[in-house]
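What follows is a short report on a single structure.
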Amino acid sequence: MYALVDCNNFFASCERVFRPDLNGKPVVVLSNNDGCVIARSNEAKALGIPMGAPAFKYRNLFEKNQVNVFSTNFVLYGDMSMRIMSLLTEMAPEIEVYSIDEAFLGFKGFELFDIEKYGKKIEQKVYKATGIPISVGFAPTKTLAKVANRIAKKFPKQTQNVYVIDTDKKRKKALNWLRIGDIWGIGRRFSKRLEAKKVFTARDFVDLSDAFVRSEMSVVGLRLKKELEGEETMTLEKYSPKKTIATTRSFETMYTDFEDIKERVATFAITCAEKLRKQQTHCNSITVFVHSNDFRKNLPQYSRNILIKTEYPTHSSADLIRYAVLGLKTIFKQGYHYKKAGVIVGDLTRENEKQLSLFSRENPKHQPLMQQIDAINQSIGQNKVKFACQDLGRTWKMKQEKLSPRYTTQLAEIIEIKT
DNA sequence: TCTGGGGTCCTAGGGCGA
DNA sequence: TCTGTCGCCCTAGGACCC
């Protein structure tokens with residue numbers, strides 16, 4: 001038996017924990033740069049605000065309905081997530097943290113337990129300790145646990161936020177109810193293609209032949225079908241280090257000048273290098289990309305990326321800046337309005353398993369230099385040490401006009417209770 | 001004026017060595 | 001020495017997730 005635990009409207013719920021006056025009121029959380037809506041409370045959903053709604057188009061609706069708008073506060077959400085995951089770890093023999101607000105729990109050997117009762121215990125404990133409401137779905141496979149969770153969330157009154165699929169009758173009933181596009185692993189493209197073939201529900205999907213699903217949707221689709229039939233094809237995944245690390249951003253305005261983008265790309269490379277050092281890995285390749293503004297149809301569009309193999313495994317900021325700028329020089333074209341760029345490092349290997357090269361021209365000073373930079377940044381604040389290619393006078397910051405305090409991680413921002 | 005960011009996995013097709 | 005086949009590796013692109 002697996003359980004899927006999912007936090008309800010997670011980011012919006014995190015904001016509400018420290019602002020109980022917002023209970024019962026519409027709350028939305030915006031993406032970086034306050035661009036679009038990435039989380040909504042139930043009240044905001046009821047107002048018809050869709051996921052991904054551009055904030056500027058919905059400003060009037062927000063004002064008219066007194067919607068409480070927040071910028072993303074990932075420091076807060078990350079910390080709340082950590083607290084919830086550690087509680088869940090205590091309550092289940094196995095756990096796979098699937099995302100910031102979701103975890104699969106493994107309950108092998110619990111068949112004789114009253115699992116529904118236990119689910120309610122989990123729900124109550126998490127709510128009491130953190131203030132975050134969760135839904136719990138139990139089923140014999142991970143995909144069915146996702147389905148069970150959806151039912152728990154959709155019918156809170158009947159399920160009390162916990163639902164168990166433990167009989168074939170319940171499984172079939174759930175599959176009849178679930179629309180094709182709501183199956184975990186079937187996105188927009190596949191659901192459109194399947195609907196064109198009169199496949200509208202999960203039940204219709206499992207009624208298709210294995211051969212058809214295999215040919216149309218590869219082994220991924222076939223695995224999904226088996227899971228929905230109750231046959232386990234996915235197990236809990238152990239923690240594994242990242243395979244790629246990315247730093248990408250949309251710009252506050254469109255850039256046309258090479259030097260402006262160069263400064264941004266170099267800064268992204270530095271961030272990637274810091275992330276590499278933090279997880280004690282080197283990269284062996286780096287990808288740089290630039291993108292014009294998709295939404296400005298009247299402007300010429302351009303988008304390109306380039307992958308460069310590094311000469312040796314590295315996590316030196318200086319090395320990565322050099323490669324990133326080299327890549328940018330190759331792909332940059334004059335005459336376009338650039339809106340987005342990014343750096344992605346890949347082919348990661350562990351720091352202590354470095355493949356040395358006889359002809360390597362690695363600068364031996366980089367390693368101790370990076371150590372010192374990290375130490376200084378750690379003691380006096382992130383990004384205090386800058387590289388020459390960065391604009392020292394630059395005050396560029398993400399637009400975050402509605403940022404809430406970092407209640408749980410900064411003493412100066414701790415919650416105040418007025419009596 | 002203003003539309004996010006960070007990941008994973010799979011497949012097709014070309015290059016290339018055995 | 002030439003040619004065909006097989007299988008591995010790599011990359012780009014497409015699909016998905018949160």
Side-chain angles (χ1 to χ4, degrees), chain A residues 4-7 9-11 28-39 49-60 62 69-74 77-78 81 96-104 142-143 146 149 180-194 214-224 233-234 237 239-254 268 271-272 275 279 284-285 287 289 291-299 303-309 337 339-348 398-402:
Chain A
L4 176 71
V5 175
D6 191 326
C7 302
N9 313 326
F10 183 54
F11 298 167
V28 298
V29 177
L30 303 180
S31 62
N32 281 351
N33 275 326
D34 291 348
C36 46
V37 174
I38 57 165
I49 302 166
M51 191 65 157
F56 75 93
K57 283 191 181 172
Y58 281 79
R59 189 156 295 149
N60 286 342
F62 291 163
V69 181
F70 289 92
S71 305
T72 49
N73 185 344
F74 271 107
Y77 312 149
S81 170
E96 173 193 336
V97 177
Y98 180 68
S99 72
I100 193 163
D101 73 331
E102 266 180 67
F104 285 102
K142 284 170 79 175
T143 309
K146 269 270 188 188
N149 185 287
I180 186 75
D182 292 337
I183 300 173
W184 180 46
I186 295 191
R188 265 204 313 251
R189 307 271 174 131
F190 278 136
S191 60
K192 211 170 168 187
R193 264 153 65 178
L194 288 164
R214 173 71 178 82
S215 73
E216 290 284 313
M217 302 173 65
S218 84
V219 293
V220 184
L222 188 58
R223 245 182 256 161
L224 210 57
T233 64
M234 302 177 202
E237 282 171 30
Y239 168 79
S240 53
K242 286 199 175 73
K243 295 176 180 176
T244 56
I245 288 175
T247 307
T248 70
R249 292 286 180 279
S250 295
F251 306 136
E252 67 278 31
T253 57
M254 290 185 279
F268 299 158
T271 307
C272 283
K275 291 178 185 172
Q279 70 159 29
N284 291 271
S285 71
T287 300
F289 75 82
H291 215 301
S292 57
N293 192 345
D294 264 347
F295 295 100
R296 298 292 292 269
K297 302 291 182 204
N298 55 333
L299 294 173
S303 140
R304 253 197 89 180
N305 64 68
I306 185 170
L307 185 137
I308 302 171
K309 293 272 176 199
H337 292 71
K339 180 64 181 166
K340 192 172 176 174
V343 171
I344 304 165
V345 291
D347 293 324
L348 308 190
M398 220 161 39
K399 188 176 156 199
Q400 283 186 310
E401 289 174 351
K402 311 274 187 183

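Every chain is numbered from 1, with letters handed out A, B, ... down the list of sequences.
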- Atom C1', compared across B:dC16 and C:dT3: separation rounded to whole Å: 15 Å
- Item | Same-atom distance (C1') from B:dG15 to C:dG4, integer angstrom | 16 Å
Could you tell me the separation between the [atom1] atom of [X] and the [atom2] atom of [N], rounded to a whole number of Å?
X        : N      : atom1 : atom2 : answer
A:Glu401 : B:dT1  : CD    : P     : 17 Å
A:Asn60  : B:dC2  : CG    : P     : 17 Å
A:Trp184 : B:dC9  : CH2   : P     : 12 Å
A:Phe74  : B:dG4  : CZ    : C1'   : 9 Å
A:His291 : C:dG13 : NE2   : P     : 12 Å
A:Glu216 : C:dG14 : CD    : P     : 17 Å
A:Met51  : B:dT3  : CE    : P     : 18 Å
A:Phe289 : B:dG7  : CZ    : P     : 12 Å

Can you tell me if [X] touches the phosphate of [N], counting only side-chain N or O atoms and a distance under 4.0 Å to OP1 or OP2?
X        : N      : result
A:Arg223 : B:dC9  : no
A:Ser250 : B:dG4  : yes
A:Thr248 : B:dG6  : yes
A:Arg296 : B:dT1  : no
A:Lys146 : C:dC18 : yes
A:Thr244 : B:dG6  : no
A:Lys242 : B:dT8  : no

- Query: Are A:Lys309 and A:Asp347 close enough for a salt bridge, meaning some N to O gap below 4.0 Å?
  - Reply: yes
When all nucleic acid strands are considered with a 4.0 Å heavy-atom cut-off, which category describes [X]: base, sugar-phosphate, or nothing?
X        : value
A:Ile344 : nothing
A:Lys57  : base
A:Leu30  : nothing
A:Asp294 : nothing
A:Ile183 : sugar-phosphate

Where the side chain of [X] is defined as all heavy atoms beyond and including C-beta, which of [options] is the nearest nucleotide?
X        : options               : result
A:Lys339 : C:dC18, B:dT3, B:dG6  : B:dT3
A:Arg193 : B:dT11, C:dA15, B:dT3 : C:dA15
A:Asn32  : B:dG4, C:dC17, C:dA15 : B:dG4
A:Cys36  : B:dT3, B:dC10, C:dC18 : B:dT3
A:Val219 : B:dT11, B:dC2, B:dG4  : B:dT11
A:Lys243 : B:dT3, B:dT8, C:dT11  : B:dT8
A:Lys340 : B:dG6, B:dG5, C:dT11  : B:dG5

- Query: Of A:Asn293 and A:Ser218, whose nearest nucleotide on DNA chain B comes first from the 5' end?
  - Reply: A:Asn293
- Residue closer to the 5' end of DNA chain B, A:Thr247 versus A:Thr253 (nearest nucleotide): A:Thr253
- Would you check if A:Asn293 and A:His337 make a side-chain contact, meaning some heavy-atom pair closer than 4.5 Å? no
- Query: Is there side-chain contact between A:Glu102 and A:Leu4, with at least one heavy-atom pair below 4.5 Å?
  - Reply: yes
- Task: Indicate whether A:Phe56 forms a stack on B:dT1; treat it as stacked only if centroid distance is below 5.5 angstrom and interplanar angle below 30 degrees.
- Result: no
- Task: Quickly, which of A:Asp34, A:Asn32, A:Asn33 forms a side-chain hydrogen bond (donor to acceptor under 3.5 Å, both in side chains) with A:Ser71? Name it, please.
- Result: A:Asp34
- Short side-chain to backbone donor-acceptor contact, A:Thr72 and A:Phe74, under 3.5 Å: no
- Message: If you apply the rule side chain to side chain contact (heavy atoms under 4.5 Å, CB included), what do you find for A:Phe190 with A:Ile183, and how did you get there?
- Response: CA-CA 11 Å; A:Phe190 278 136; A:Ile183 300 173; over 6 Å; no
- Assign the ring pair A:Phe104 / A:Tyr98 to parallel, tilted or perpendicular, where the plane angle (0 to 90°) is split at 30° and 60°. perpendicular
